[in-house]
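Reckoned from all heavy atoms, side chains included, excluding hydrogens, waters and symmetry mates. In what follows, chains are A, B, ... by sequence order, proteins preceding strands, each numbered from 1.
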Amino acid sequence: MTWLADLRTSALLGTGRHAAPEPPAELGFRPPEGLSREESLLDQAAMADVATRAARRPGAADSDERPAPAPPDDVPEASGESARLLDLLLNQPPVSQELRRQLVIDWLQLAEGARRRVPHRLLPALLTLADTRPGVAEHLYPAIGARGRWLQDLARHGASGPPSAAGTDWEVLGSADATLELERLRRSDPAAARGLLAGQWDTLGARERAAHLGTFAVNVQPDDEELLELALDDKAKSVREVAANLLERLPGSARAGRMAARLRPLLRIKGVLRKQFEIELPPDPDEASVRDGIPGDPRSGEPDRLGWLETIIRGAPLDVWTAVSGRGPAATLALLENEPRIVAAILEAAVLRADLDWVRALVELRQEPRLLNCLPAVERESALLRHLSSSGRNPLTLVPLLRDQPRPWGQRLADEVLRLITAKNGGQLAAMLADVLPTGLPLEAADECRRLLERSDDDAARRRVLRDVVQYQSFRKSLTEAFR
Amino acid sequence: MVRWSEEKVTGAAPDDSSMAAARKLARPGPWSETGSNDVLVWGKCQGSGKTPYQVSVDLAAPAYRCSCPSRKFPCKHALALLLLWSRGQAADAGAETADFAREWADQRGERAAALERRQTGQQSDPVAQAKRRADRLALMDSGVSDFARWLTDLVRTGLAAARNQPYAWWDAVAARLVDAQLPGLAEQVRAMGSDVHARADWADHLLLHAGRWWALTKAWGMRDQLSPTEFADLRVAVGWAMASADVQGTEALRGPWLVLGAYRTDDGRLQQQRTWLRGPDGTVVVVLDFAAQGQALTAPQLAGAELDTSVARYPGTPPQRAMFTSPVNARGLAQTLGEGCSIAQALESESAAVAVSPWRGRHPVLFGKVRVSPGGHGWLHDSSGDALPLVDAPLDSLLAQTGGHPVDLFGELEEGRVRPLSVVVGQRVVTP
């Protein structure tokens with residue numbers, strides 16, 4: 001319609017500069033005589049207004065653009081009290097952010113157990129929460145049902161940009177992004193990551209080779225050895241160091257074998273009644289030793305022979321020690337009573353390789369959080385308990401371990417933590433554990449917390465933590481009952 | 001006036017603690033310039049500050065005034081003064097009324113008289129009423145011709161130039177319209193001030209609205225030739241409110257009224273709530289509630305509820321504005337909103353409504369079997385392949401509740417877009 005376009009032009013420029021157009025004849029409209037330019041334009045604008053509104057046409061729908069409707073949900077909807085509680089958690093959470101997250105996860109798991117699904121109307125708020133709180137995202141299935149998955153697909157479809165950077169495009173990424181991408185790939189498909197890096201190895205700079213190779217710490221495995229051996233010959237020292245460190249995690253590797261060959265001649269058992277290890281210091285490293293990461297002679301000062309020995313111990317398989325002593329790890333360690341630096345090097349090797357036999361033996365000797373971390377959850381709890389109750393130890397150093405411990409904790413561990421928290425100066429520990437404590441303490445401990453809360457206590461942080469526990473457990477109880 | 005008993009004073013106290021505080025003050029020490037006459041008791045009480053508090057009590061109302069900052073009413077000072085007076089310890093009659101007490105009493109008297117004048121005058125003085133109406137019309141006439149002149153200036157200098165004007169320029173025009181008692185027009189002009197910057201299609205938007213305003217000034221000039229219904233629509237457009245008392249007297253339509261949907265707006269100054277209702281014979285009306293900023297609107301009626309009530313309609317073309325004329329009782333929830341129409345039919349009925357009343361920009365529509373789909377602000381589709389864009393739509397919620405399946409949907413059609421207000425899902429009317 002050129003009339004409307006002309007009208008717009010006149011109006012934009014102003015009738016002072018551009019006269020209004022003639023009204024279109026087909027509208028059968030004859031303007032009165034003697035109108036000013038302005039009156040003519042406004043008259044026509046009024047007509048355009050009514051005509052536009054009266055002649056509105058629907059847009060045509062492009063059926064390809066429309067997503068197919070959601071498939072039916074065959075799981076019944078959670079209703080009544082359980083739906084009300086989820087609504088409350090999502091829209092007016094009566095608890096702290098952290099508790100809310102945990103309670104939403106609890107809700108989802110309880111719903112799964114009871115074969116119920118999230119009511120459709122609550123899905124948007126739940127999916128939004130899951131976007132910002134990754135912990136929730138892992139527990140969405142199957143509770144969100146078919147409708148929830150359909151909504152997620154829609155959101156993904158709507159936000160679909162170029163395909164993920166994985167695969168063929170990896171070469172063109174910037175080096176920091178490439179490292180991140182490689183690390184991501186190591187988690188899901190270590191062989192693919194290795195293939196990518198090996199394919200590009202010769203085109204990369206030293207810094208990139210070192211950084212990319214460093215990602216192999218995720219899921220390092222015997223198949224990586226070939227590339228790591230290649231890296232031991234690298235021009236750049238940083239790359240060689242990364243390779244040597246990674247090979248230390250592979251006790252079956254050729255390098256470990258070479259280290260074993262260096263270590264064995266240095267070890268002897270002496271003594272008749274009180275047996276002891278006699279350990280010699282290694283000779284000056286040859287070319288092969290330097291290649292394996294044993295530093296050569298320094299330009300100045302004394303050569304660090306003990307340092308060489310430690311490098312050899314870290315690199316060699318631990319069964320060299322049991323073979324020489326003819327005993328198990330615990331008894332072998334007993335023979336090393338007076339050699340703290342040697343034990344420390346063995347500990348490094350045991351932790352790096354997560355060698356359970358040695359870790360179990362060492363954990364009796366050393367209170368070292370890294371050792372506890374290597375233990376399976378059940379053993380870790382009792383070891384943790386021993387550490388916590390030993391008096392000389394600052395419990396704050398064990399906080400990271402307590403966080404990693406599967407929840408809820410066993411009764412004894414829970415009791416011990418509660419005892420430490422309620423002791424004098426326990427407020428700091430309480431504050432550091434604030435986010436895990438509600439889920440860490442089992443249901444029975446909540447009653448104890450309630451009793452403790454009734455006591456007078458000036459420590460606001462501690463009171464808040466205890467209140468969170470009580471609040472969480474009582475909300476959790478309502479959830480369980482709602483799904484019964 | 002007879003002195004109050006101590007019990008009567010106690011009865012006036014808002015709570016026990018006020019009374020306890022008052023008893024401590026009820027000794028002559030802190031008081032000065034006390035006195036009383038037939039209707040007033042007054043006095044000054046020295047508090048912790050430099051200036052003593054001025055306390056006055058109107059015994060007849062009773063009403064209390066004190067210059068202290070207490071939010072309790074009456075405050076402890078007023079109560080203490082009354083105690084002293086009731087015991088005959090202070091504020092004897094006969095003294096000359098203190099200035100502050102007399103001023104207050106005079107103001108109260110004037111206000112009461114004015115109120116009385118208003119109430120009686122409105123009912124009993126047709127001459128004064130006609131004069132007020134003539135005065136208002138004269139004011140509006142000059143406002144309308146002033147506005148018409150502004151419109152011609154607007155198109156002479158061009159819309160592009162108007163867009164470069166600061167917001168204050170539009171506000172000044174709006175303020176003149178308010179002064180001319182044309183608040184409806186003022187609101188539209190004020191909204192345009194931000195629309196020209198916010199909207200991509202600002203040029204067409206402004207051009208078409210200028211045309212609509214121009215037509216309105218013309219219609220105003222020939223208002224004597226309009227039918228009462230047409231004039232009523234014009235009144236709404238310029239913002240000349242109809243007194244609710246005048247509506248109350250008209251024919252009441254009995255229910256049950258089905259709540260089709262409701263919508264709230266808040267422009268920062270005023271909150272508005274529109275509730276769309278459909279009567280047993282299919283009549284659709286809208287109930288408007290207003291609240292100033294900071295005040296609470298009446299609770300919205302639940303979409304799908306059937307209300308036992310009757311309404312009276314304001315004059316105008318359908319769908320008319322209405323008000324409840326009897327208590328509103330919900331009698332149950334409907335499982336459906338009834339038979340809906342297609343998108344093409346909805347646009348046809350909009351076009352028919354524009355032909356009858358060009359001032360109205362919003363049309364209630366019940367769509368049948370439409371699908372909601374994503375993209376932009378969301379879309380509505382029907383089975384014949386027609387589509388309309390959504391506006392103000394909580395798209396996530398609509399998609400979650402409908403799953404992209406065909407549903408009945410009630411909404412407001414405005415400028416070719418649909419504002420969804422309620423959806424029928426699984427035999428329940430829900431709000432997205």
Side-chain angles (χ1 to χ4, degrees), chain A residues 4 7-8 10-18 20 36-39 41-63 65-73 77 118-128 146-148 150-151 154-155 157-158, chain B residues 148 151-161 163 203-204 206-218 342-344 346-347 350-352 354-355 358 361 371 373-375 379 381-382 384-389 394-397 399-406 415-416 425 430 432:
Chain A
L4 199 55
L7 190 64
R8 190 188 298 122
S10 312
L12 277 171
L13 292 174
T15 49
R17 277 182 285 175
H18 198 286
S36 71
R37 284 176 158 198
E38 291 74 36
E39 286 169 320
L41 186 122
L42 284 165
D43 275 1
Q44 294 187 54
M47 193 163 65
D49 174 46
V50 177
T52 310
R53 287 194 287 152
R56 229 184 281 279
R57 292 280 162 267
D62 184 352
S63 57
E65 291 282 307
R66 272 182 292 167
D73 262 306
E77 163 182 313
V118 179
H120 291 159
R121 68 192 164 84
L122 296 178
L123 284 168
L126 176 63
L127 294 179
T128 308
R147 182 67 57 89
W150 179 78
L151 283 173
L154 276 191
H157 180 73
Chain B
L151 283 170
T152 49
D153 288 348
L154 176 75
V155 297
R156 185 181 309 112
T157 45
L159 305 186
R163 197 195 190 206
D204 281 354
L206 176 53
L207 173 64
L208 298 180
H209 272 266
R212 201 178 305 175
W213 293 336
W214 178 251
L216 205 140
T217 63
K218 296 276 172 191
S342 70
I343 285 174
L347 290 176
E350 178 189 17
S351 151
V354 169
R371 292 177 48 190
S373 72
W379 289 84
H381 304 271
D382 65 13
S384 51
D386 289 337
L388 281 178
L395 188 56
D396 286 350
S397 172
L399 287 168
Q401 304 221 40
T402 66
H405 294 283
E415 295 194 36
V425 180
V430 296

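In this structure, CZ on B:Arg163 lies 10.0 Å from CG on A:Leu12, to the nearest 0.5 angstrom.
Put simply, the residue from B:Leu151, B:Leu154, B:Leu207 that forms a side-chain contact (heavy atoms from CB on, under 4.5 Å) with A:Leu42 is B:Leu151.
Across A:Ala68, A:Pro119, A:Pro58, A:Pro124, the residue that shares the most heavy-atom pairs under 4.5 angstrom with chain B is A:Pro58. Top candidate by heavy-atom pairs under 4.5 Å with chain A, chosen from B:Leu216, B:Asp396, B:Asp204, is B:Asp204. For the set B:Asp153, B:Val155, B:Val425, the count of heavy-atom pairs under 4.5 angstrom toward chain A peaks at B:Val155. Note: A:Arg56 leads A:Arg56, A:Arg57, A:His120 in heavy-atom pairs under 4.5 Å with chain B. Among B:Thr157, B:Leu206, B:Leu388, B:Ile343, the residue making the largest number of heavy-atom pairs under 4.5 Å with chain A is B:Thr157.
Neither the backbone nor the side chain of A:Asp73 comes within contact range of chain B; no heavy atom of the residue lies under 4.5 Å from a heavy atom of that chain. At a 4.5 Å heavy-atom cutoff, A:Gln44 makes no contact with chain B through either its backbone or its side chain. For B:Ala400, the parts sitting under 4.5 Å from any heavy atom of chain A are the backbone and the side chain alike. Of the two parts of B:Arg371, only the side chain, counted from C-beta on, holds a non-hydrogen atom closer than 4.5 Å to a non-hydrogen atom of chain A.
The salt bridge (Lys or Arg N to Asp or Glu O under 4.0 Å) search around A:Asp49 returns A:Arg53, B:Arg212, not counting sequence neighbours. Qualifying salt bridge (Lys or Arg N to Asp or Glu O under 4.0 Å) partners for A:Arg121, counting only residues two or more places apart in sequence or in other chains: A:Asp87.
Among all heavy-atom pairs drawn from B:Leu399 and A:Leu154, the shortest one is CD1-CD1, 3.9 Å.
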